[in-house]
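Because the structure is a prediction, the values reported are computed rather than measured. Order of the sequence lines sets the chain letters (A, B, ...), proteins ahead of strands, with each chain counted from 1.
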Amino acid sequence: MSVQTEIPKVYSPESIEPYWARVWVEQKLYRPSGDPTRPRFSLVIPPPNVTGSLHIGHMLEHTEIDILMRWHRMRGEDVLWLPGTDHASIATQMIVEQEIGREALPELEGRSAALAAWRREGQRRRLEMGREKFLERCWQWKEQSGGRIRQQMERLGASVDWTRERFTMDPEYSRAVFEVFARLYKEGLIYRGTYIVNWCPRCRTAVSDLEVGHEERAGKLWYIRYPFEDGGYITVATTRPETMLGDTAVAVNPSDERYRGAVGRRLVLPLLKRVIPVIADEFVDPNFGTGAVKVTPAHDPNDYGIAQRHNLTKLRVLDEEARVTENGGPYKGMDRYKAREQVLDDLRAGGLLEKEEEYALSIGVCSRCKTVVEPILSEQWFMRMQPLAEPAIRAVEEGHIRIVPENYRKIYLDWMYSIHDWCISRQLWWGHRIPVWTCGQCGEVIISEGPPGSCSKCAADDLRPETDVLDTWFSSALWPFATLGWPADTDDLRRYYPTDLMIMGFDILFFWGARMIMMGLKFMNEVPFRELYIHALVRDAERQKMSKTKGNVIDPLEVTEKYGTDAVRFALAISAAPGTDIAFSNEKIESYRAFANKIWNAGRFILMNLHKLDEDARSRVASLVGVDSESGFGSLPTGQTLELANRWVFSRLATITGEIERALADYRFHEAAYKIYHFFWHEFCDWYLEWVKPEIARPLGPEDSCNAWANLLRVFEASLHLLHPFMPFITEELWHRLPNRVQEISISLRPFALAGLQATDPEAEKDFASIQSLVVAARNAKAEAGLQKEKVGARVASEDAALLQLVSIHKETVLLLAGLESLETVSGRIGTGAYVTSVFDLQLVHEKQVDLEAERLRLAKERARLEEALERVRKQLENRNFLARAPQDVVRAAEERRTELEVQFQKVVESLERLG
RNA sequence: GGGCGAUUAACUCAGCGGUAGAGUGCUACCUUCACACGGUAGAAGUCAGAGGUUCGAGUCCUCUAUCGCCCACCA
């Protein structure tokens with residue numbers, strides 16, 4: 001059996017990732033310990049909607065969360081990540097309708113037309129099949145979609161506690177929803193009333209202000225004459241002539257001289273011949289249009305306000321599907337746009353249309369279906385927000401919740417300052433039914449979780465249930481405490497509330513984030529989370545938003561299968577700079593698949609050589625590395641004199657461990673990922689592994705210390721630990737292949753940082769850098785001389801005796817890394833043809849003719865560069881203000897730099913002169 | 001109408017007060033026994049423009065230009 005066949009050369013994630021994903025779930029690895037002696041860290045997932053499967057944005061969100069969860073867990077904290085899903089009332093209902101429609105009309109072609117047709121047909125069939133049957137279909141859909149979401153999360157490696165999975169329509173959760181509704185109603189914070197709401201004629205439900213998007217559209221401003229009863233006319237300007245059918249007044253500004261005599265007079269509304277008054281109201285802007293406004297109280301929020309002040313009739317002229325009602329007389333039954341055309345035609349015919357102007361207007365559209373919403377007077381349920389907002393504002397202002405990045409704090413506060421009441425009822429079926437019955441006899445409103453037998457006031461049994469459901473965000477606002485068992489006083493609630501962190505996209509900050517804060521403070525008397533991190537949006541390579549219609553979506557399942565979860569996770573993490581959207585592409589993922597492959601091969605190399613050792617040597621190495629499963633993977637070696645490469649690598653490890661922890665604490669995922677990437681590839685692989693190669697390639701005798709091997713394994717294992725939160729699968733796999741780790745449970749339960757790792761070793765870093773620069777110079781000189789593949793000898797000269805000694809000590813390593821066959825050290829300088837740096841001259845010894853011209857070119861360029869740099873630093877040092885005001889260490893650094901540059905410059909000049 | 005963000009190498013992006021960075025791509029060389037999803041070396045940037053603050057500015061301030069996003073009840 002050869003190790004080479006056992007460990008494939010190319011890493012294939014598909015052969016290990018599903019395995020570990022399953023193991024982690026089956027072993028219930030990520031249930032929190034509940035250990036009260038440990039700090040706890042809790043987070044509830046932003047529950048994905050059960051509308052389908054997860055998209056790449058979820059994957060980013062879950063990757064970020066998982067990185068933090070794994071990191072905290074490895075730090076020994078009692079970590080809870082609670083998973084679950086949201087019923088997503090309106091979104092799911094639409095999808096299910098669409099599905100039903102698709103079944104009925106399967107043969108349609110053309111995506112958007114088909115969607116529209118399916119939805120129409122689905123809605124029709126929903127009404128046909130009735131509430132109960134439709135809800136059955138919704139539950140079926142929920143099971144399917146929820147299962148798919150769970151599968152995807154498992155495949156992603158999300159380290160959640162599945163035993164605590166929740167759904168917003170679970171019976172226990174629904175109890176919490178009822179409880180909240182009942183309490184808020186009792187306190188008068190929920191009320192029923194008839195107001196102007198945003199109505200989507202397609203979805204046939206009211207929607208909240210947040211669910212309305214604004215779009216710029218080219219429109220027209222029409223000037224219409226309204227004749228006075230007793231002669232003359234007044235001209236009003238409107239963008240919506242069809243609403244004149246519902247006009248009950250015309251308003252002007254009280255200070256408007258032009259209309260002084262008009263106020264109080266009566267007009268005859270064109271077309272319908274209704275008599276309406278001219279009234280004066282401060283709201284009217286005399287500078288807009290004609291300064292006279294038609295007032296349609298039932299279909300415009302401003303007009304509604306005017307109507308309230310003046311006690312005007314509120315006449316509804318558009319129905320639930322935006323067709324004209326019987327109040328519209330001859331226009332009854334017409335669609336709103338058809339009615340507009342007809343009204344304009346009739347006005348024109350009557351000579352009442354004075355003129356029309358082009359006008360850009362901002363129009364409200366339903367964020368679900370893009371249908372233009374209609375402001376309609378309608379009876380709905382509302383929540384009073386201001387009393388709830390006040391503590392939520394304070395919580396953020398006083399820092400009980402930290403919002404990151406900080407600019408979202410201001411956005412949050414601005415929105416909260418001007419919050420208005422929330423329309424919480426929806427004319428939908430899928431969701432939490434509003435728990436209210438109204439007595440048909442006495443009108444008593446009864447709040448009850450189930451059907452009450454009879455009226456609590458008059459004992460009548462004519463009780464009419466509320467058929468509306470609650471806005472989906474009503475229930476999700478309770479998520480952080482309802483998932484932990486509220487209203488019961490559970491252990492989970494006591495231990496894990498308030499949660500430590502919430503991560504979400506900016507798009508739901510108001511929908512969800514703000515409302516969770518308000519509800520948490522209201523019902524728990526404590527914030528729902530201590531920090532709120534707003535993550536970026538994932539866009540395509542051209543920075544376009546991903547959308548199915550544009551066809552530029554990256555499907556997480558697809559790329560995961562193609563490149564491996566680890567690669568996708570890493571690509572997301574390293575792109576996730578706070579506050580900046582992510583331009584994502586397959587190429588990006590490919591480069592981190594290469595990284596995974598690099599890690600794999602480093603492991604393969606180490607393991608292959610380890611297995612080449614004889615049994616005895618291997619077990620001695622193993623015993624040095626240790627088995628300790630509690631504090632884990634060993635600790636820094638003690639009691640041995642470390643060789644330079646080890647001092648250096650442990651020093652670097654200490655540095656980046658600190659840097660990564662600091663970056664993660666600040667949600668700088670990109671920085672943390674980059675640090676470990678760079679360390680692993682360009683320090684550990686490029687330098688350390690190359691350096692120790694000869695040592696580990698040789699067989700060990702009984703008298704060998706095995707320290708080199710043990711140290712290599714320590715560093716490699718420590719690197720895997722640092723990598724684990726980012727790339728859980730490959731690290732888990734490789735780690736289990738290390739000696740003594742086969743029987744262990746999981747790397748994810750081990751400490752993040754190597755024990756005892758704290759001090760850095762500047763001297764080792766400096767010496768190592770010197771050797772590095774010599775090696776690079778030699779490679780460089782060889783490349784320039786066109787001797788890359790040849791083994792040549794070299795002479796290195798320096799005035800620094802310590803440096804020469806260092807070089808002598810590590811001569812073998814330098815020969816190996818630089819590809820030299822011999823190296824001679826010389827005190828002083830070397831003549832013509834040397835490769836010159838600030839600390840040494842390097843000369844290659846070879847037969848080949850030196851290309852003097854190329855060398856002259858290189859040196860001339862170098863001289864120019866040095867001259868420029870020198871000029872800059874000299875100028876700086878000549879500046880008295882700089883010397884006086886800059887910090888001492890900056891001045892000292894500049895001085896050192898000047899000296900260094902001067903030496904370098906001098907050498908280059910001399911070398912150039914020698915070349916002639 | 002308010003507010004926010006972006007503008008850095010061919011592309012995608014980091015850096016946010018002290019000598020311009022990465023990944024990809026490109027050029028040359030290398031299939032040397034961990035890795036060609038690799039190695040070595042290299043070319044490539046008046047950090048959008050104009051002012052200002054500072055000893056010193058991609059980095060802070062102001063304005064301008066272009067692009068993008070969010071919020072908003074002016075018919």
Side-chain angles (χ1 to χ4, degrees), chain A residues 4 7 9-11 196 209-210 213-214 221 236-240 243 251 283-285 287-296 300-305 359 361-362 364 375 407-408 410-411 414-415 418 420 506-507 509-510 537 541-543 545 563 567 571 574-575 577 579-585 587-588 590-609 668 670-671 674 677-678 685-686 689-690 693 697 776 779-784 786-789 818-819 869 872-873 875-876 879-887 889-891 893-894 897 901:
Chain A
Q4 219 150 346
I7 307 179
K9 230 161 123 162
V10 175
Y11 172 55
I196 294 272
D209 296 343
L210 272 176
H214 298 273
L221 195 57
V236 299
T238 182
T239 55
R240 302 207 50 198
T243 62
F283 167 79
V284 180
D285 175 3
N287 298 318
F288 187 90
T290 61
V293 184
K294 60 190 272 313
V295 181
T296 321
D300 182 284
N302 295 315
D303 294 5
Y304 176 83
Y359 187 73
L361 57 143
S362 157
N407 56 311
Y408 290 113
K410 190 177 171 306
I411 296 174
D414 283 349
W415 187 76
S418 58
H420 37 266
F506 172 67
D507 53 335
L509 177 60
F510 306 139
L537 228 60
E542 276 76 47
R543 312 200 100 260
K545 247 186 194 155
Y563 303 105
I574 205 164
S575 311
T580 316
D581 286 349
I582 296 171
F584 210 56
S585 62
E587 294 78 63
K588 209 163 200 166
E590 276 172 34
S591 56
Y592 298 102
R593 174 183 62 180
F595 181 45
N597 194 57
K598 186 76 180 177
I599 298 168
W600 182 256
N601 276 289
R604 176 172 179 265
F605 171 68
I606 292 166
L607 293 168
M608 260 169 41
N609 282 292
R668 298 193 318 271
H670 68 301
E671 203 178 306
Y674 179 73
Y677 173 91
H678 188 268
C685 288
D686 287 355
L689 268 187
E690 294 300 327
K693 239 174 195 177
V776 168
R779 287 167 176 171
N780 211 322
K782 281 181 70 180
E784 260 169 37
L787 295 166
Q788 270 170 325
K789 54 182 161 185
R872 229 176 324 165
V873 74
K875 234 170 105 183
Q876 197 173 33
N879 187 333
R880 212 166 299 159
N881 283 325
F882 173 72
L883 297 175
R885 301 192 196 187
D889 52 324
V890 173
V891 175
R897 183 166 156 70
L901 285 170

Taking atom C1' of B:C37 as reference, at what distance in whole Å does atom CD of A:Glu587 sit? 14 Å

Respond yes when some side-chain nitrogen or oxygen of A:Arg872 is under 4.0 Å from OP1 or OP2 of B:A20, and no when none is. yes

Check whether A:Asn597 reaches the backbone of A:Arg593 with its side chain - one donor and one acceptor, N or O, closer than 3.5 Å. no

Please work out if A:Phe595 contacts a base, only the sugar-phosphate, or nothing of the nucleic acid, heavy-atom cut-off 4.0 Å. nothing

Report the nucleotide, chosen from B:A14, B:C73, B:G38, that has the shortest atom-to-atom distance to any side-chain atom of A:His214. B:C73

Please report the distance, rounded to the nearest Å, between CE in A:Met608 and C1' in B:C33. 8 Å

With respect to the side chain of A:Ala577, which nucleotide from B:C37, B:A75, B:A14 is positioned closest? B:A14

If you round to the nearest 0.5 Å, how far is CG of A:Asn302 from OG1 of A:Thr296? 11.0 Å

Measuring to OP1 and OP2 of B:A14, would you say a side-chain N or O of A:Thr580 lies under 4.0 angstrom away? yes

Taking atom P in both B:A48 and B:A57, what distance in whole Å separates the two? 15 Å

Can you tell me if the side-chain N/O atoms of A:Lys9 get under 4.0 Å from OP1 or OP2 in B:C35? yes

Using the P atom as the point on both nucleotides, what is the distance between B:C37 and B:A22, in whole Å? 23 Å

Can you tell me how far C1' in B:C11 sits from the matching atom in B:G52, rounded to whole Å? 34 Å

Pick the C1' atom in B:U40 and in B:C16, then give their distance to the nearest Å. 34 Å

Watson-Crick or G-U wobble partner of B:C26, both distances under 3.5 Å: B:G42

Looking only at atom C1', what distance separates B:U54 and B:A41, rounded to whole Å? 40 Å

Determine, stepwise, if the pair A:Tyr563 / A:Tyr592 fulfils ring-ring contact (aromatic ring centres under 6.0 Å, His included). CA-CA 9 Å; A:Tyr563 303 105; A:Tyr592 298 102; over 10 Å; no

With sugar-phosphate meaning primed atoms plus P, OP1 and OP2, does A:Arg593 contact a base, only sugar-phosphate, or nothing at under 4.0 Å between heavy atoms? base

In whole angstroms, how far is the C1' atom of B:U32 from the CD atom of A:Glu690? 11 Å

Rounding to the closest angstrom, what is the interatomic distance between B:C74 and B:G18 at atom P? 45 Å

Cation-pi, A:Phe882 ring and A:Lys875 (6.0 angstrom, 45 degrees): no

With respect to the side chain of A:His670, which nucleotide from B:C35, B:A14, B:U40 is positioned closest? B:A14

Under 4.5 Å between any side-chain heavy atoms of A:Thr243 and A:Lys294, yes or no? yes

Can you tell me which nucleotide in B:U24, B:C37, B:A75 comes closest to the side chain of A:Thr239? B:A75

From the options B:U40, B:A75, B:G23, select the nucleotide whose nearest atom is closest to the side chain of A:Phe283. B:A75

Is any side-chain N or O of A:Tyr359 closer than 4.0 Å to OP1 or OP2 of B:A75? yes

Given 3.5 Å as the limit, does a donor-acceptor pair link the side chain of A:Asp300 with the main chain of A:Val295, or not? no

Rounded to the Å, how far apart are A:Asp507 CG and B:C70 P? 10 Å

When you measure from the side-chain N and O atoms of A:Asn780 to the phosphate of B:G42, is any distance below 4.0 Å, counting only OP1 and OP2? yes

Which is true for A:Pro375 with a 4.0 Å heavy-atom rule: it touches a base, it touches only sugar-phosphate, or it touches nothing? nothing

Of the listed nucleotides B:U40, B:C74, B:A22, the one nearest the side chain of A:Asp686: B:U40

Should B:G68 form a Watson-Crick or G-U wobble pair with both distances under 3.5 Å, which nucleotide is its partner? B:C4

Between atom NZ in A:Lys588 and atom C1' in B:U24, what is the gap in whole Å? 10 Å

Quick check on RNA chain B: between A:Asp414 and A:Gly603, whose nearest nucleotide comes earlier from the 5' end? A:Asp414

What integer distance in Å separates A:Ile7:CD1 from B:A34:P? 13 Å

For A:Glu590, answer base if it contacts any base atom (sugar-phosphate contacts may also be present), sugar-phosphate if it contacts only those atoms, and nothing otherwise; contact means non-hydrogen atoms under 4.0 Å. nothing

Looking only at side-chain N and O atoms, does A:Arg897 come under 4.0 Å of OP1 or OP2 in B:U19? no

Does a side-chain N or O from A:Lys598 land closer than 4.0 Å to OP1 or OP2 of B:G39, or not? yes

As its Watson-Crick or G-U partner within any shown strand, both distances under 3.5 Å, B:A50 has B:U62

Applying the ring-ring contact (aromatic ring centres under 6.0 Å, His included) criterion to A:Phe595, which one of A:Tyr677, A:Tyr674, A:Trp600 satisfies it? A:Tyr677

Confirm from the modelled atom types if A:Lys693 and B:A34 form a donor-acceptor pair under 3.5 Å, side chain to base only. yes

For A:His678 and B:G23, is the shortest distance between a side-chain N/O and OP1 or OP2 below 4.0 Å? no

Quick check against the 3.5 Å criterion: does A:Arg604 have a side-chain atom that pairs as donor or acceptor with the backbone of A:Ile7? yes

Pairwise 5' ranking along RNA chain B for A:Glu671 and A:Ala596, keeping only the more 5' one: A:Glu671

Rounded to the nearest Å, what distance is computed from the CZ atom of residue A:Phe506 to the P atom of nucleotide B:G68? 18 Å

The side chain of A:Asn407 lies closest to which of these nucleotides: B:A72, B:C4, B:G18? B:C4

With syn defined as a glycosidic torsion within 90 degrees of 0 and anti otherwise, which applies to B:G56? anti

B:G25 and B:A50: how far apart are their P atoms, nearest whole angstrom? 35 Å

So what does A:Ala886 touch, heavy atoms closer than 4.0 Å: a base, only the sugar-phosphate, or nothing? base

Indicate, with a heavy-atom threshold strictly under 4.0 Å, whether A:Ser418 touches base, sugar-phosphate, or nothing. nothing

Indicate the ring-plane relationship of A:Trp415 and A:Phe510, choosing parallel, tilted or perpendicular according to the 30° and 60° boundaries. parallel

What's the gap between B:A75 and B:U66 when it is taken at their P atoms, as a whole Å value? 26 Å

Please give, in whole Å, the distance from B:C70 C1' to A:Phe510 CZ? 8 Å

Between B:A34, B:C37, B:A75, which nucleotide has the shortest distance from any of its atoms to the side chain of A:Asn597? B:C37

